[in-house]
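The next block holds one structure in the form of structure tokens; read it before the comments.
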Amino acid sequence: MTKTEQLIQEAEASLLHTYNRFPVVFERGEGVRLYDADGKEYLDFCAGIAVHALGYGNKTYQDALTEQIRKLTHTSNYFYNEPAIKAAKTLTKLTGMDRVFFTNSGAEAVEGAIKAARKYAFEKDGHTDHEIIAMEHSFHGRTMGALSITGTSAYREPFLPLIGHIRYATFNDLESVMAQVNDKTCAVVMETIQGEGGIIPATKEFIQGVRKLCDEKGLLLILDEVQCGMGRSGRMFAYEHYGVKPDIMTTAKGLGSGIPVGAFLMTEEVAAHSLKAGDHGSTYGGNPFAAAAINAVADQFEKQDILKNVTKTGQYMADRLRDLQAETTLIKEVRGMGLLQGIVLSDAVKAGDIAKKALQNGLVVVTAAGNVIRLIPPLIVTEKDVDEMIEKLGRALKP
Ligand SMILES: *Cc1c(COP(=O)(O)O)cnc(C)c1O
């Protein structure tokens, strides 16, 4: 038995079986490469699901975290801590928002965003029956609140009743959103680029139309940038491509580049009329260690000019994927932005099977809904890495 086989046997004896995992145990990483328990090398175009913005083994990042571990990892939010103060300043600047609350995950950021929107509406009119409009095929996380606005009924159904008062509209169809608005509506929530739903960017007309609708009707626009934010689209946050600003937004995944951390942010107007002392909290949220990760990531974005690489290599990746599309009947469409790209496969193959074959070829990719292969490498990936990915993926697509 290999070390991998042995570890998997042990894992399956005690872990709750909520994932159909690939039969690989990763042990260490370097740059955009991962190495498994038996020493096999992989090119990583998954990045822990769009998390490892800086790739593996960034020395400055590691040193900053190590130093923070030695100093102080946690204090609770009864007290202030300097790394969190710095991270809050940085993140409000990067997002153009005014106030931030730190969480430990994307789903928690979404929970906070929902609470902020409901509290804002409650403060305005004192009613307790407000509705939120969410999008079909959206994904916002697995906690009860986040699940309530997740537009895939199969994820929701076994856990009903959820928070309720949620209406669903069709992504990229402004009229379908308008049709759901009534005098109880308090917010519209969507991903700027749908991730799990199949890498579907919002159209400019749609997102600008929803922004205008929200302004006219006094609704809050909540943009979930947990996956598409933190540089992945080529801008720090994807809404910058559209010339719109949300009232409340969420971020996580790439934010800590491997340390579990998230945040929701809002404008001063929302902050002034929503969550007050006692309304929300988290034991760990924004602790010095997690905040040090955010600071180290933000620092590397600037020093390495990561956004420039995302734009350049993202364009290169899109071009090479289209070349690959021209060579095979199995790719129906290439779509996405920056280093968040999806290829839609024809019904002749299953994305999950292609991902498995790619893994055997030493390439890590994951799927998204709608028979899509998702390409979300570390943001430091090079054109040479893209060429290697294309070669390995191309081989996986051959019969
Ligand atoms: C991954 C994801 C979440 C949930 O984040 P977790 O950290 O897994 O809780 C929420 N929203 C979007 C858009 C995501 O992609």
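Atoms within each ligand, like the ligands themselves, are counted from 1 in listed order. In this text, all values refer to a predicted model and were calculated from it rather than measured experimentally.
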Look at atom 14 (C) of ligand 1 and say which protein heavy atom is nearest, naming residue and atom and giving the distance to 0.1 Å.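 Result: Lys253 NZ, 2.9 Å.
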For atom 7 (O) of ligand 1, what's the nearest protein heavy-atom neighbour? Residue, atom name and distance, please. Gly106 N, 2.8 Å
Ligand-residue contact atoms, ligand 1 with [X], heavy atoms, under 4.0 Å:
{"X": "Glu191", "answer": "13 (C)"}
{"X": "Ala107", "answer": "4 (C), 5 (O), 6 (P), 9 (O)"}
{"X": "Gln227", "answer": "15 (O)"}
{"X": "Gly141", "answer": "4 (C), 10 (C)"}
{"X": "Ser105", "answer": "7 (O), 9 (O)"}

Between [X] and [Y], ring centroids under 6.0 Å:
{"X": "Tyr42", "Y": "Phe26", "value": "yes"}
{"X": "Tyr284", "Y": "Phe102", "value": "no"}
{"X": "His130", "Y": "Phe122", "value": "no"}

Can Arg142 be said to sit on top of Tyr155's aromatic six-ring, NZ or CZ under 6.0 Å from centre and within 45° of the ring axis? yes
Given Val226 and His140, is the side chain to side chain contact (heavy atoms under 4.5 Å, CB included) satisfied, shown in steps? CA-CA 8 Å; Val226 167; His140 298 288; over 6 Å; no
Closest to atom 11 (N) of ligand 1 (judged by heavy-atom distance), picking from Val110, Leu223, Asp224, Ile149: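 It is Asp224 that holds the nearest heavy atom.
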Would you name the heavy atoms of Phe301 and Leu307 that are closest together and state the gap between them? CE2-CD2, 4.2 Å
